[in-house]
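Remember, it's a predicted structure, so these values are computed and weren't measured experimentally.
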Amino acid sequence: MTDNIENLLLEHLRAIRSDQSAMRDDIREINSRLISLERTMAGNYADIVGQHSGRGD
């Protein structure tokens with residue numbers, strides 16, 4: 001019976017490790033997309049500032 005419990009625990013730990021690895025990959029993708037979004041927004045902001053400063057207002 002002890003072997004069954006140990007096997008069950010190992011099986012659960014492997015599943016947790018697999019899920020954790022998948023979440024790590026998802027977080028990396030989210031971070032990458034967020035950085036891209038931030039760069040796009042910064043570029044848009046710079047364009048808007050450039051347009052307003054070029055008018056001589």
Side-chain angles (χ1 to χ4, degrees):
M1 174 134 178
T2 303
D3 288 340
N4 289 339
I5 292 173
E6 287 178 10
N7 288 336
L8 183 60
L9 285 172
L10 287 173
E11 184 178 328
H12 282 287
L13 289 172
R14 286 185 187 109
I16 291 169
R17 181 176 283 171
S18 175
D19 289 346
Q20 185 180 28
S21 177
M23 287 190 316
R24 186 180 298 121
D25 292 341
D26 289 345
I27 289 170
R28 283 186 186 129
E29 181 182 353
I30 290 168
N31 282 337
S32 174
R33 295 178 73 176
L34 180 58
I35 289 168
S36 176
L37 179 60
E38 289 172 335
R39 288 180 180 159
T40 299
M41 293 299 295
N44 290 343
Y45 180 74
D47 289 344
I48 291 169
V49 168
Q51 290 174 1
H52 286 284
S53 66
R55 289 185 185 171
D57 290 338

Under 3.5 Å, side-chain donor or acceptor atoms of residues 8-30 against the rest of the protein: list the pairs with distances, not counting sequence neighbours.
none

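Atom CG of Leu34 is separated from atom CE of Met41 by 11.5 Å, given to the nearest 0.5 angstrom.
As a member of the Ile/Leu/Val/Met/Phe/Trp/Tyr network built from side-chain separations under 4.5 Å, Tyr45 groups with Val49.
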